[in-house]
There are 2 protein chains.
Amino acid sequence: MDRIAAFNECLRHKGLKNTSQRMIILETFLGSKSHYSTEDLYLKLRKDHPKIGYATIHRTLKLFAECGIAIELNFGDGQTRFEPLRANHHHDHLVCTSCGKVIEFTEPQIEDLQAQVAAAHGFVIKRHRHELYGLCSNCAANS
Amino acid sequence: MDRIAAFNECLRHKGLKNTSQRMIILETFLGSKSHYSTEDLYLKLRKDHPKIGYATIHRTLKLFAECGIAIELNFGDGQTRFEPLRANHHHDHLVCTSCGKVIEFTEPQIEDLQAQVAAAHGFVIKRHRHELYGLCSNCAANS
DNA sequence: TACCTTTCTGAAAGTCATTTTCATTTTCCT
DNA sequence: AGGAAAATGAAAATGACTTTCAGAAAGGTA
């Protein structure tokens with residue numbers, strides 16, 4: 001099941017309706033590797049779909065997160081960003097605090113250790129956030 | 001050097017002044033294990049020091065972070081929290097999404113792996129955020 | 001100690017991302 | 001096709017945080 005089908009499934013499950021706006025937003029959202037804020041996506045969509053309002057885009061991004069189509073990211077700049085989620089492709093982030101570049105990484109050993117830590121405290125983990133902030137190779141070289 | 005002395009040192013270094021409000025806020029802040037939001041600390045201080053304003057408390061908490069007395073935490077609930085920082089005592093967090101309980105953990109192997117990941121991408125890490133969200137043992141048992 | 005420049009403070013106003021409201025439009029079940 | 005339920009978009013509201021500003025306090029200097 002691709003992500004568009006998964007979203008439709010989620011809408012049906014929640015008793016919500018499929019609208020042209022939601023499809024347009026979903027396709028644009030999936031068709032990029034970016035980490036969109038509502039503002040980013042609003043500006044991008046405005047070119048071809050000037051009638052779609054900011055509130056609708058924000059509501060829809062939150063809905064994507066609820067449906068498991070996207071995850072919310074917060075890199076501490078005051079804006080929530082949304083990232084398209086690929087099934088079975090969990091990853092964490094390296095964030096350059098100078099140029100804003102974001103690199104994804106996966107480290108199964110860290111995942112294992114996390115699970116051990118949680119188990120040691122009796123926690124049942126639902127999700128986690130792991131972000132490394134610093135300078136990317138370019139910015140480190142030029143500073 | 002204790003943290004009060006370190007704070008005074010930082011004030012002097014920045015050319016800032018030591019005021020009674022800053023000392024009151026610092027002592028209250030250090031005298032607790034909590035993860036304070038500005039609001040939390042404002043409400044707590046209001047009992048004994050009703051004249052200290054919200055803005056002063058928030059400015060002071062930010063200043064603590066700049067001076068390395070505190071770190072800013074963001075658990076995704078829209079409020080920034082500040083945690084007193086002990087020298088040489090880095091840790092990460094387990095957060096219960098049901099009751100709000102926060103447990104600190106340390107896992108040196110994870111720290112090592114992080115450093116390896118960063119090095120593999122040429123990143124120079126300045127700080128990181130690692131939070132595990134789920135249900136604490138109590139909440140897991142009662143759900 | 002008295003002065004005086006700089007920084008602080010508190011209240012109120014301002015920002016800004018996000019959320020809600022509400023009148024109208026659209027979806028989709030029967 | 002008809003109609004209940006949900007969605008939309010514009011505007012207003014919210015809430016955390018930040019800034020402004022006039023008076024107060026700190027702390028260096030003479």
Side-chain angles (χ1 to χ4, degrees), chain A residues 4 7-29 35-67 70-82 100, chain B residues 4 7-26 28-29 35-67 70-82:
Chain A
I4 293 176
F7 180 58
N8 282 320
E9 173 72 22
C10 179
L11 288 179
R12 193 158 36 250
H13 180 69
K14 287 172 174 282
L16 304 178
K17 293 173 180 174
N18 190 347
T19 66
S20 62
Q21 289 92 333
R22 284 178 175 163
M23 281 301 112
I24 289 165
I25 294 168
L26 179 56
E27 284 167 16
T28 303
F29 178 67
H35 300 82
Y36 283 119
S37 64
T38 302
E39 181 76 12
D40 294 337
L41 195 50
Y42 175 67
L43 292 175
K44 175 156 187 169
L45 280 166
R46 194 161 60 172
K47 294 173 198 154
D48 293 329
H49 305 281
K51 303 260 284 299
I52 299 181
Y54 184 98
T56 298
I57 293 170
H58 191 262
R59 280 186 286 230
T60 303
L61 286 171
K62 299 281 277 186
L63 182 57
F64 291 167
E66 279 180 42
C67 289
I71 46 169
E72 295 188 30
L73 302 174
N74 190 313
F75 295 148
D77 64 349
Q79 274 192 304
T80 300
R81 287 163 201 289
F82 293 82
Chain B
I4 293 177
F7 180 58
N8 282 321
E9 174 70 22
C10 179
L11 288 179
R12 194 157 38 249
H13 179 70
K14 288 173 174 279
L16 303 178
K17 294 173 178 174
N18 190 345
T19 66
S20 62
Q21 289 91 335
R22 284 178 176 163
M23 282 301 113
I24 289 165
I25 295 168
L26 179 56
T28 303
F29 179 66
H35 300 83
Y36 283 120
S37 64
T38 302
E39 181 76 13
D40 293 338
L41 195 50
Y42 175 67
L43 293 175
K44 175 156 187 169
L45 280 166
R46 194 161 60 171
K47 294 173 198 154
D48 293 328
H49 304 280
K51 302 260 285 298
I52 299 181
Y54 183 99
T56 298
I57 293 170
H58 191 262
R59 279 185 288 231
T60 303
L61 286 171
K62 299 281 277 187
L63 182 58
F64 291 167
E66 279 179 42
C67 289
I71 46 168
E72 296 188 28
L73 302 174
N74 190 313
F75 295 148
D77 64 349
Q79 274 190 306
T80 300
R81 286 163 202 289
F82 294 83

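Letters A, B, ... mirror the listed sequences (proteins, then strands); counts begin at 1.
In this structure, B:Asn18 places its CG atom 14 Å from C1' of C:dT9, rounding to the nearest Å. If you measure from atom OH of A:Tyr42 to atom P of C:dT19, you get 17 Å, rounded to the nearest angstrom. Distance NE2 (B:His49) to P (C:dG10): 11 Å, rounded to an integer number of Å. Remark: P of D:dA26 and CE of B:Met23 are 12 Å apart, rounded to the nearest angstrom. When the P atom of C:dT26 is taken as reference, atom CG of A:Leu11 falls 19 Å away, rounded to whole Å. Rounded to an integer number of Å, the gap from B:Arg12 CZ to C:dT7 C1' is 16 Å. Taking atom CD1 of residue B:Ile57 and atom P of nucleotide C:dC8, one finds them 16 Å apart after rounding to whole Å. When the C1' atom of C:dA17 is taken as reference, atom CZ of A:Phe75 falls 17 Å away, rounded to whole Å.
For the OP1/OP2 pair of D:dT8 and a distance below 4.0 Å, the side-chain nitrogens and oxygens of A:Thr19 include at least one atom meeting the criterion. Remark: A:Arg22 is in phosphate contact with D:dT8, judged by side-chain N or O atoms under 4.0 Å from OP1 or OP2. A sub-4.0 Å separation between OP1 or OP2 of D:dC17 and a side-chain N or O of B:Thr80 is present. Between B:His58 and D:dA16 there is no side-chain N or O to OP1 or OP2 distance below 4.0 Å. The shortest distance between the side-chain N/O atoms of B:Thr38 and the OP1/OP2 oxygens of D:dA16 is not below 4.0 Å. Look at B:Gln21 and you'll find a side-chain N or O under 4.0 angstrom from OP1 or OP2 of C:dG10.
Closest to the A:Thr56 side chain, of the nucleotides C:dA17, D:dT8, C:dA11, is D:dT8. Distance from the side chain of B:Tyr54 is smallest for D:dT18 among the nucleotides C:dG10, D:dT18, D:dT8.
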- Please step through side chain to side chain contact (heavy atoms under 4.5 Å, CB included) for the pair B:Thr56 and B:Thr19, ending with a clear verdict. CA-CA 11 Å; B:Thr56 298; B:Thr19 66; over 6 Å; no
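Counting only distance, with no hydrogens or angles, the side chain of A:Arg22 and the backbone of A:Lys17 share a donor-acceptor pair below 3.5 Å. Side-chain atoms of A:Arg12 do not come within 3.5 Å of backbone N or O of A:Phe7 as any donor-acceptor pair. Between the B:Thr28 side chain and the B:Ile24 main chain, a donor and an acceptor come within less than 3.5 Å of each other.
DNA chain C is contacted by both B:Ile52 and B:Lys14; B:Lys14 maps to the nucleotide lying nearer its 5′ end (nearest heavy atom per residue). Heavy-atom nearest nucleotides on DNA chain D were determined for B:Glu39 and for A:Pro50, and the one closer to the 5' end corresponds to A:Pro50.
Of the charged side-chain nitrogens involved, none lies within less than 4.0 Å of a carboxylate oxygen, so that A:Asp48 and A:Lys44 do not count as a salt-bridged pair.
Judged by distance alone with a 3.5 Å cut-off, no donor-acceptor contact links the side chain of B:Lys17 to the base of D:dA25. On a pure distance criterion of 3.5 Å, a polar donor-acceptor pair joins the side chain of B:Arg59 and the base of D:dT20.
Residue B:Lys62 is in sugar-phosphate contact alone, with no base atom involved, counting any heavy-atom pair closer than 4.0 Å across all strands shown.
Here B:Phe29 and B:Phe64 bring their ring centres to under 6.0 angstrom of each other.
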